[in-house]
Amino acid sequence: MKKILSIDDYINGFAKHDRTILAKAITLVESTNKNHIDMSKELVGRLLPLTGKSKRIGISGTPGVGKSTFIEAFGKLLTSAQKSVAVLTVDPTSKISGGSILGDKTRMNELAIDPLAFIRPSPSGETLGGVASRTRESILLCEAFGFDYILIETVGVGQSETTVSQMVDIFLMLLQPGAGDDLQGIKRGILELVDMVIVTKDDGDNQQIIQKACHDYQKALHILRHDGVIPNVLSCSALKRKGLQEIAQSIEEYFSKQNQLIETKRKDQNLTWLWQLVNEGIREKYLSQLNNQMIKDTEQEIKNQSLSVPEAAARILKLI
Ligand SMILES: Nc1nc2c(ncn2[C@@H]2O[C@H](COP(=O)(O)OP(=O)(O)OP(=O)(O)O)[C@@H](O)[C@H]2O)c(=O)[nH]1
Ligand SMILES: [Mg+2]
């Protein structure tokens, strides 16, 4: 029979640096089972004193821009300098496809077998909010475990960039000019979120396009950002391992020069997290009181067009 781990088992496993226990702890915080939720709160609470020392890096960009390949190359650069790296993915699973559009670890073959690295794709089938709020706990677990760097990959669709930017110290946006990521096509909101722009796939015969794009992005950021820190724009080829040292250096500079900013960010992020959890709790508490059959009937009435949506909402809210 499978042994059910106690909180002490987890804590001991962390102390012994047992990867299997870390993986199990992440599974625990991702669980929606009531007992597991209670346990994971206690576990995160007990591990909290060990957290806060990792560098948290968010990596976003449209599907296929080269996030995983970048993480593989950048991760290897870090591990070759004897730094440990945890990679987490936030999967904005589409309800329609019902599956993961992130795929799996496949583009991180080398990193996946690196003893200094740990890769954890998030499960599919959850709501973005759900997965994302667990990602915060997963970050804390990886920190308590002692990883130097935590890289969080998210596909830039919907709300995922905003969500991830609210859990990291530095938020990197990967862009591929010539493949839809021209300045005109980028949402202004994204440029307001980023801490660094990285132009990917700088290895083909598109040198001119890339150079012009870097220049345009940099100019746009100068105009747009008045918060003191203008994000750097750099280019790289993850496949050819080109430009990665410069990116690593720029990231290190950000961590050393902007430590005040990062400290403030982390405090603000904790408040965002607090209210996220409170909102989630309120929703769960009240929605769980509702009678499922009554909800189904109401939904059916909307489908039949025998009830208007505002009336239906009012009916449900009356029960709360
Ligand atoms: N030429 C070139 N191709 C690259 C580079 N990086 C990634 N690619 C290719 O781009 C494709 C997508 O790469 P991924 O790393 O999987 O991109 P991703 O952003 O993680 O994709 P999703 O997770 O599906 O959103 C693959 O075919 C890669 O081989 C690069 O530096 N140069
Ligand atoms: Mg990927």
Side-chain angles (χ1 to χ4, degrees), residues 57-78 85-114 117-126 128 131-132 135 138 149-165 168 171-182 185-187 190 193-194 196-211 213-214 217 233-248 250-251:
I57 305 178
I59 293 145
S60 190
T62 49
V65 71
K67 297 176 293 295
S68 302
T69 315
F70 172 77
I71 291 173
E72 158 102 337
F74 182 65
K76 286 301 289 181
L77 190 72
L78 295 173
V85 183
V87 180
L88 304 171
T89 57
V90 175
D91 187 348
T93 305
S94 140
K95 259 193 164 174
I96 298 161
S97 76
S100 158
I101 51 172
L102 266 174
D104 43 28
K105 302 180 186 180
T106 45
R107 302 231 184 266
M108 303 183 202
N109 293 334
E110 278 185 59
L111 203 58
I113 54 167
D114 192 320
F118 172 82
I119 302 178
R120 174 74 179 211
S122 68
S124 50
E126 292 269 337
L128 172 61
V131 170
T135 303
S138 302
Y149 289 82
I150 302 179
L151 310 182
I152 301 140
E153 172 178 352
T154 185
V155 176
V157 291
Q159 277 295 302
S160 60
E161 300 108 326
T162 317
T163 316
V164 168
S165 73
V168 295
F171 185 62
L172 316 183
M173 179 57 73
L174 271 49
L175 296 174
Q176 199 192 340
D181 284 339
D182 303 303
I186 298 169
K187 284 177 278 172
I190 298 300
L193 285 182
V194 299
M196 188 176 296
V197 168
I198 295 174
V199 171
T200 56
K201 309 188 189 181
D202 185 4
D203 48 34
D205 46 15
N206 48 356
Q207 286 298 314
Q208 271 187 337
I209 297 179
I210 287 185
Q211 276 180 18
C214 287
Y217 296 147
V233 179
L234 295 156
S235 73
C236 77
S237 163
L239 278 189
K240 298 264 160 69
R241 304 284 201 261
K242 173 185 145 193
L244 295 168
Q245 289 283 2
E246 289 78 1
I247 291 170
S250 181
I251 291 174

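By convention here, the first residue in the shown sequence is residue 1. All ligand and atom numbering here is 1-based and tracks the order in the structure.
In summary, the side chains of Ser68 and Glu153 do present a donor paired with an acceptor at a separation below 3.5 Å, with no hydrogens or angles considered.
Comparing Ile59, Thr69, Asp203 against atom 30 (C) of ligand 1, the shortest heavy-atom distance belongs to Asp203. Which of Glu72, Glu153, Arg241 comes nearest to atom 23 (O) of ligand 1 through a heavy atom is settled by distance: it is Glu153.
Contact annotation for Leu239 and ligand 1: heavy atoms of both the backbone and the side chain come within less than 4.0 Å of the ligand.
With hydrogens and angles ignored, the 3.5 Å screen pairs a side-chain donor or acceptor of Lys67 with a backbone N or O of Thr62.
Residue contacts with ligand 1: Asp202 is placed with no nitrogen or oxygen under 3.5 Å of a nitrogen or oxygen of the ligand (distance criterion only). Of the polar atoms of Gly66, at least one N or O is found under 3.5 Å from an N or O of ligand 1, judged by distance alone. Polar contact with ligand 1: absent for Lys240 (N/O pair, distance under 3.5 Å). Considering backbone and side-chain N/O atoms, Ala238 comes within less than 3.5 Å of an N/O atom of ligand 1.
If you put the vertex on the Mg ion (ligand 2), OG of Ser68 and OE2 of Glu153 sit 90° apart, to the nearest 10°.
Backbone or side-chain N, O or S atoms of Thr89 do not reach the Mg ion (ligand 2) at under 2.8 Å.
Counting the atoms of ligand 1 from 1 in the order shown, those under 4.0 Å from a heavy atom of Pro63 are 25 (O). Interface of Val155 with ligand 1, defined as ligand atoms under 4.0 Å from a residue heavy atom, comprises 25 (O).
Residue contact annotation: Val65 has a non-hydrogen atom under 4.0 Å from ligand 1. Ligand 1 has no atom lying under 4.0 Å from any heavy atom of Gly204.
Note that CZ of Phe118 is 12.0 Å distant from CG of Leu111, once rounded to the nearest 0.5 Å.
The existence of a salt bridge linking Asp202 and Lys242 is confirmed by a sub-4.0 Å separation between a basic side-chain nitrogen and an acidic carboxylate oxygen. A salt bridge links Arg241 with Glu110: the distance from a Lys NZ or Arg NE/NH1/NH2 to an Asp or Glu carboxylate oxygen falls below 4.0 Å.
Using a 4.5 Å cut-off on side-chain heavy atoms (C-beta onward), Met173 and Ile198 make no contact. The shortest distance between side-chain heavy atoms of Leu151 and Ile59 falls below 4.5 Å.
Heavy atoms from other residues, nucleotides or ligands lying under 6.0 Å from NZ of Lys240 number 12 at most. Surrounding CD of Gln245 are at most 12 heavy atoms belonging to other residues, nucleotides or ligands under 6.0 Å away.
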